[in-house]
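See structure below.
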Amino acid sequence: MKFWSQYFIPTLKESPADAEIASHRLLIRAGLVRKLGGGLYTYLPLGLRVMQRISQICREEMEKAGAIELQMPHVHPAELWQQGPRWAAAREIMFRADHAGAGKRAGADPEFVLGPTHEEIITPLVKNEITSYRDLPKNFFQIATKFRNEIRPRFGLMRAREFVMKDAYSFDVDEAGARKNYLAMKSAYERFFARVGLKTVVVEADTGVMGGSDSHEFMVPAEIGDDDVVYGEKSGYAANREKATSGLVPAGFVPPAPGEAVAEFPTPGVTTIAGLEAAPYGVSAGSQFKTLVYVGDGKLFLVILRGCDELEEAKLGKLGFTLFRPATAEEIAPVLGAKPGSLGAVRGTIAKRDGLAGIFADQAIRLVASGTTGANRDGFHLKNVHPARDLDITSFGDFRRVREGEPDPRTGEPLKIARAIEVGHVFFLGTKYSEKFGAVYTDDQKQARPMVMGCYGIGISRSMQACIEQSHDADGIRWPWAVAPFQVLICLLDPGVEESAGWAKRLAEAAERAGASVLVDDRAERPGVKFKDADLIGIPLRITIGGRGLKEGIVELKWRSHSQVEKLPLAEAEARVAAAVAQPQA
RNA sequence: CGGGGUGUAGCUUAGCCUGGUAGAGCGCCUGGUUUGGGACCAGGAGGUCGCAGGUUCAAAUCCUGUCGCCCCGACCA
């Protein structure tokens, strides 16, 4: 039992100017966190309590699923990351943790980094400690602070530079075992989110910088999310937009036959899709081929899309480059022979074809029978271009961004798109890390084999904010029972009156005996202030004790999520409070 | 990093265009009256106007630079 007057809950009437979304405002107004700097927050007592509750639920579900808790360092020798498979890709977001007097040149690699995640730490550990198939499978987890120098921290805890995450890493003897672990984690996640009261949607996801092959994300649908989820209402198809495909090109599609031969025509000053659409050319965007130039691991490559389509950059990840970025005009001209705006991939028109690592075409261009594209000669384009006949394509793939309304890949129904917050992510990693770090075991045939891994994250601090985003009203937060900082708030309107204080104590003890945590608002404030604060901090069950009620022989019981007030006769009050705690309505 | 915005008391902000005494509300302190949905009265404390330079007799206000923060895009739990 805590007394408000002895505790620390700095609530605010007005929300700070730098908080824009509801959950961020409430996080601050309800006294859960305070900002130190961009993406850096202090968890105040109330916020910390919520974090601890979420963590505890997470811990329980992990352990039920057979995972073992440990704790790894936050400071990592940079060397380990340099040995790993993603140093180049991950160093951008890593904080350097050089110690003073390291005497490093500017720009030199850091000696230490702050851990953004822990594959590079757990894998060497397991390599050293586990060598036999008899000791596998194992699944280790920790709940710890992560450090990522996010390019743009935002929305409070939603995307922070320092945040709390549960991360788990599974090690198996083979793929079948790893799949089993993957599914075990996936269902543990479902139980976890159900318990914390977060409604999530599971979607197929891109693996991003993490690497790996299979991946699902747990999303909380919310307007303010920074992911787009593509889904079919009937089919059950749901995928992150970065990964989503549509049935634009049906299975068994037969490309149209080629027509007239390719012909060049002058297009002075026209360097955009829109420019070619306009008079006098009148070429629809859908029958243009857009040629994008990227640099992958130091070499140029081309991506061909229909003029009406947009590149989904994340899909370039499957091409296998460690690092890629759009090429600059200076890099393009010598290889293609023209400036951006006149580029194309028609066979024989590329100045230095061997200067390209490949030409990758989105499969949707196969829908085009006769297209128009740049001639690799400034001021000229080519028409009557047939994808298969004329373009010098290395391979076809899915690179375009899905748009709302396109057909579901399974059922053909129009796809929908909604914003969502990613709160959990499971990856099937395979042997990418174990091979790199030599995490091998000896099987029963005395053969050395790489362990098959999976990794699994839950954003603990982000989940806290997602709870608020999903459960609040105009007056404040409405905490789900399981994660509320306190479950019962006793609003003691006359803390100085002995009879009132006595009832507060008795009812608080009754609630605690029934298993609830209790906060007593014993401040010398007017009732209005207490009620407003009660709604703001969102404790699920409120018991009001005041002179008016006591005169009537009652105390009041009210759920934060309902508007009705129940009057409890004093004689029944303790039992009724205990009964309410046993059957929470939140 | 690109684009947009913004920095004035613990919080929300007015003043800036058109240079000349920094002002309000909330919160805080003291006293009093109040006491079931953010009370009222009286008094009080609290501000290097983000920082640095410049223009000027004079800069919160104009100019330059810089830093922080917020929003939109790429990154992610």
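Reminder, nothing fancy here: chain letters follow the sequence lines and each chain counts from 1. The shown structure was predicted, so the numbers you read here are calculated from the model rather than taken from an experiment.
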> Between A:Phe218 and A:His216, does the ring centre distance come in under 6.0 Å?
Replying inline: no
Could you give the side-chain donor-acceptor pairs of residues 22-36 of chain A under 3.5 Å, partners two or more places apart or in another chain?
unit_1, atom_1, unit_2, atom_2, d
A:Ser23, OG, A:Gln465, NE2, 2.9
A:Ser23, OG, A:Glu469, OE1, 2.6
A:His24, NE2, A:Tyr41, OH, 3.4
A:Arg25, NH1, A:Glu20, O, 2.7
A:Arg29, NE, A:Leu12, O, 2.9
A:Arg29, NE, A:Lys13, O, 3.4
A:Arg29, NH2, A:Leu12, O, 3.4
A:Arg29, NH2, A:Lys13, O, 3.3
A:Arg34, NH1, A:Ile28, O, 2.8
A:Arg34, NH2, A:Pro10, O, 2.8
A:Lys35, NZ, A:Asp18, OD2, 2.6

> Given B:C71, B:C76, B:G36, which nucleotide is nearest the side-chain atoms of A:Leu493?
Replying inline: B:G36
>> Taking any heavy-atom pair under 4.0 Å as a contact, classify A:Met158: base, sugar-phosphate, or nothing.
In response: base
> Which nucleotide in the set B:C71, B:A77, B:G37 lies at the smallest distance from any side-chain heavy atom of A:Phe155?
Replying inline: B:C71
> Is there a side-chain polar atom (N or O) of A:Arg154 under 4.0 Å from OP1 or OP2 of B:A74?
Replying inline: no
>> Nearest to the A:Pro16 side chain among B:A77, B:U12, B:G36, which nucleotide is it?
In response: B:U12
>> Regarding A:Ala160, tell me which of base, sugar-phosphate or nothing describes its non-hydrogen contacts under 4.0 Å with the strands shown.
In response: base
Enumerate all atom pairs, one protein N or O and one N or O from nucleotides 66-69 of chain B, separated by less than 3.5 Å.
unit_1, atom_1, unit_2, atom_2, d
B:C69, OP1, A:Gly38, N, 2.9
B:C69, O3', A:Lys35, NZ, 2.9

> Which nucleotides of nucleotides 38-45 of chain B have their base under 4.0 Å from a protein heavy atom (B), which only their sugar-phosphate (S), and which neither (-), written as one string 5' to 3'?
Replying inline: BB------
> Taking only residues two or more places apart in sequence or in another chain, which ones pass side chain to side chain donor-acceptor pair (under 3.5 Å) with A:Thr11?
Replying inline: A:Asp533
> Think A:Arg49 forms a cation-pi with A:Phe486, using NZ or CZ under 6.0 Å from the six-ring centre and within 45 degrees of its axis?
Replying inline: yes
> With A:Lys315, which residues qualify under side chain to side chain donor-acceptor pair (under 3.5 Å), at least two apart?
Replying inline: A:Asp398
>> According to ring-ring contact (aromatic ring centres under 6.0 Å, His included), who are the partners of A:Phe147, at least two apart in sequence or on a separate chain?
In response: A:His74
> Under the ring pair (Phe, Tyr, Trp, His ring centres under 6.0 Å) rule, what pairs show up with a residue in residues 307-328 of chain A, not counting sequence neighbours?
Replying inline: A:Phe301-A:Phe321
>> Going by salt bridge (Lys or Arg N to Asp or Glu O under 4.0 Å), name the pairs with one or both residues in residues 191-203 of chain A, residues two or more places apart or in two chains.
In response: A:Glu60-A:Arg195, A:Glu61-A:Arg191, A:Glu61-A:Arg195
>> Taking ring-ring contact (aromatic ring centres under 6.0 Å, His included) as the definition, give me every residue that meets it alongside A:Phe399, ordered by chain and number, with sequence neighbours left out.
In response: none
Pairwise N/O distances under 3.5 Å, protein to nucleotides 22-25 of chain B:
unit_1, atom_1, unit_2, atom_2, d
B:G25, N2, A:Glu14, OE1, 3.0

> What residues form a ring-ring contact (aromatic ring centres under 6.0 Å, His included) with A:Tyr169, not counting sequence neighbours?
Replying inline: none
>> Please classify the nucleic acid contact of A:Asp226 as base, sugar-phosphate, or nothing, using heavy-atom distances under 4.0 Å.
In response: base
> Which residue pairs pass the salt bridge (Lys or Arg N to Asp or Glu O under 4.0 Å) test with at least one member in residues 298-312 of chain A, sequence neighbours excluded?
Replying inline: A:Arg306-A:Asp309, A:Asp309-A:Arg400, A:Asp309-A:Arg403, A:Glu312-A:Arg401
